[in-house]
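Read through the structure below, which is laid out as structure tokens, and then see the notes.
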Number of protein chains: 2
Amino acid sequence: MSEAPTKRARRPSGGRESLLETAVGEFIARGYDATSMEDLSRAAGITKSSFYHHFTGKEALLRAALERAVDGLFGVLDLPGARDGAPAERLRTIVREQVRVLTTELPYVTLLLRVRGNTETERWALERRRAFDAEITGLVREAVEAGEVQAGIDPALAARLLSGLVNSIVEWYRPGRPGTATLPEDVVAATFTGIVPAP
Amino acid sequence: MSEAPTKRARRPSGGRESLLETAVGEFIARGYDATSMEDLSRAAGITKSSFYHHFTGKEALLRAALERAVDGLFGVLDLPGARDGAPAERLRTIVREQVRVLTTELPYVTLLLRVRGNTETERWALERRRAFDAEITGLVREAVEAGEVQAGIDPALAARLLSGLVNSIVEWYRPGRPGTATLPEDVVAATFTGIVPAP
DNA sequence: GTCTATATGGCGATAGAC
DNA sequence: GTCTATCGCCATATAGAC
């Protein structure tokens with residue numbers, strides 16, 4: 001190499017990806033609005049100004065994080081097992097894979113599920129969530145109409161309760177926790193046969 | 001009356017209770033941290049200063065709201081049907097009545113479920129929530145040990161999924177919605193026989 | 001019980017040196 | 001790519017008149 005070495009940076013932050021990861025962790029711990037750029041900088045070990053060198057602002061960080069979560073969720077709907085086959089079976093696949101995405105992309109999905117709609121970015125995220133939920137509702141309805149599941153309760157209500165149950169996992173799941181491997185199938189079981197089924 | 005009429009207030013705010021109700025609505029719409037005292041004042045139709053005459057500050061408002069939610073939830077555990085009888089039957093009662101409290105005290109419980117733990121008040125609320133959840137977990141465990149429900153999944157996991165399903169109702173329920181009357185029993189059914197049970 | 005006016009501090013964001 | 005220094009704004013909260 002004929003180039004002279006560039007001046008050594010004082011505290012390398014590890015690039016955009018690493019900063020995003022740190023920021024998302026702070027957003028989750030304190031809430032997006034309650035987290036200041038000062039908080040983020042301190043957690044990343046650099047100054048506010050340096051942080052602004054990597055992201056144009058606080059909302060850009062949120063946007064990047066939410067896009068990752070949305071991509072993960074919609075990726076589930078594109079899986080073969082989610083597109084082909086009987087409605088009830090597709091539903092099984094989606095629930096199982098949604099749990100998997102939720103645990104592997106935990107911080108990003110957690111952030112997505114807490115968005116309130118204060119900014120354009122947040123409203124975009126809410127719209128994407130609604131679109132995802134609408135897919136689930138449609139699928140539950142199909143399963144009921146095909147007679148594959150009992151029509152005891154309204155399909156729209158069933159879809160809401162299902163999403164609520166699955167999404168609530170972000171409130172307590174932590175990586176490496178015992179039972180992680182069986183969690184997706186346990187959630188499928190709870191969905192189709194009950195959380196505390198009679199013997 | 002011999003007293004002279006007091007000077008007419010320019011814009012009567014309707015007292016503490018009414019202001020609290022307004023504030024909680026704003027907190028839910030925008031999030032607690034994103035809501036300013038200016039926002040609250042505007043929504044109530046008075047100035048910031050006037051608001052401070054009724055509540056010592058923003059956190060006092062939060063405290064009052066969270067206390068109401070916590071009182072409602074723990075009131076469920078004190079009901080006769082929640083204290084006496086077989087574990088599975090007590091669980092049924094609690095789920096049904098928790099749904100009822102959740103819908104009647106909707107804004108207050110919604111706020112409780114969104115608390116992050118940034119202030120002393122919020123940490124107190126989180127501690128109360130944990131105590132409530134511990135009661136549910138214990139009850140599920142009793143029901144499993146008594147053989148009243150299937151021991152397919154871990155009781156602790158079942159309790160978490162159950163709480164998640166029930167609590168998620170605040171995300172979509174609105175007063176007067178069709179199906180309100182049957183909601184508590186529908187949730188009980190979903191809990192014990194599945195959200196989308198096989199025929 | 002309401003108001004106007006203001007104190008005080010932290011916020012997101014930028015300028016410019018190294 | 002990092003830093004120090006600072007801008008302009010809006011936040012919570014208070015003082016004191018009516």
Side-chain angles (χ1 to χ4, degrees), chain A residues 3-24 26-27 29-66 111 115-116 118-122, chain B residues 3-24 26-27 29-66 111 115-116 118-122:
Chain A
E3 273 185 44
T6 59
K7 195 191 309 183
R8 171 80 60 179
R10 302 200 207 164
R11 274 219 257 185
S13 57
R16 269 179 70 100
E17 206 62 19
S18 163
L19 289 174
L20 180 60
E21 196 179 319
T22 301
V24 170
E26 297 293 302
F27 287 157
R30 283 190 278 256
Y32 174 73
D33 291 296
T35 306
S36 71
M37 288 298 289
E38 184 68 41
D39 293 329
L40 300 183
S41 309
R42 192 179 307 114
I46 58 178
T47 61
K48 263 197 301 180
S49 296
S50 297
F51 219 116
Y52 276 103
H53 180 77
H54 298 279
F55 290 90
T56 60
K58 198 174 155 181
E59 194 171 357
L61 279 158
L62 183 63
R63 176 86 195 196
L66 295 180
L111 204 54
V115 148
R116 302 301 319 150
N118 292 328
T119 65
E120 198 51 50
T121 295
E122 297 188 32
Chain B
E3 273 186 43
T6 58
K7 196 191 306 185
R8 170 80 59 176
R10 303 202 207 161
R11 276 220 255 182
S13 58
R16 269 179 71 99
E17 206 62 19
S18 162
L19 290 175
L20 180 60
E21 197 179 319
T22 301
V24 169
E26 297 292 304
F27 287 157
R30 281 190 276 254
Y32 175 72
D33 291 295
T35 305
S36 72
M37 290 296 289
E38 183 69 40
D39 293 329
L40 299 183
S41 308
R42 192 178 308 114
I46 58 178
T47 61
K48 265 197 298 180
S49 295
S50 297
F51 219 117
Y52 276 102
H53 179 78
H54 298 278
F55 290 89
T56 60
K58 200 174 154 183
E59 194 172 356
L61 279 158
L62 183 63
R63 176 86 194 194
L66 295 180
L111 205 54
V115 149
R116 302 300 323 147
N118 293 328
T119 64
E120 198 50 52
T121 295
E122 297 188 31

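Reminder, nothing fancy here: chain letters follow the sequence lines and each chain counts from 1.
- Look at NZ on A:K48: it is 7 Å from C1' on C:dC11, rounded to the nearest Å.
- Between the C1' atom of D:dC3 and the CD atom of A:E38 lies a distance of 13 Å, rounded to the nearest Å.
- Counting only heavy atoms from C-beta outward, the side chains of A:F27 and A:K58 approach each other to under 4.5 Å.
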Start with the C-alpha gap between B:E59 and B:T119, add the side-chain angles, then the distance that decides, and say whether side-chain hydrogen bond (donor to acceptor under 3.5 Å, both in side chains) holds.
CA-CA 8 Å; B:E59 194 172 356; B:T119 64; 3.1 Å; yes
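- Neither OP1 nor OP2 of C:dT2 sits under 4.0 Å from any side-chain N or O of B:H53.
- Whole-Å rounding puts the B:Y52 OH to D:dG16 P distance at 18 Å.
- Atom CG of B:L62 and atom C1' of D:dT12 are 15 Å apart (whole Å).
- As a whole-Å value, the separation of A:R30 CZ from C:dC11 P is 10 Å.
- Straight-line distance from the CD1 atom of A:I46 to the P atom of D:dG1: 11 Å, rounded to whole Å.
- The residue B:K58 sits close only to the backbone: its heavy atoms come under 4.0 Å of sugar-phosphate atoms, none of a base.
- In this structure, B:T22 and B:L40 have side chains that are not in contact, with every pair of non-hydrogen atoms separated by 4.5 Å or more.
- Listed for the A:R30 side chain is no donor-acceptor partner under 3.5 Å among the backbone atoms of B:N118.
- With rounding to whole Å, A:E17 atom CD is found 15 Å from D:dG1 atom P.
- One finds a side-chain N or O of A:S50 lying less than 4.0 angstrom from the OP1 or OP2 phosphate oxygen of D:dC3.
- Listed here is the closest heavy atom pair of B:E122 and B:R116: OE1-N, 3.2 Å.
- Note on B:S36: only backbone sugar-phosphate atoms sit closer than 4.0 angstrom, heavy atoms only; bases stay farther off.
- At a threshold of 4.0 angstrom between heavy atoms, the contacts of B:S41 with the nucleic acid are absent.
- Not a single donor-acceptor pair, N or O on each side, falls under 3.5 Å between the base of C:dA13 and the side chain of A:S49.
- Atom CZ in B:F55 sits roughly 15 Å away from atom P in D:dT12 (whole-Å rounding).
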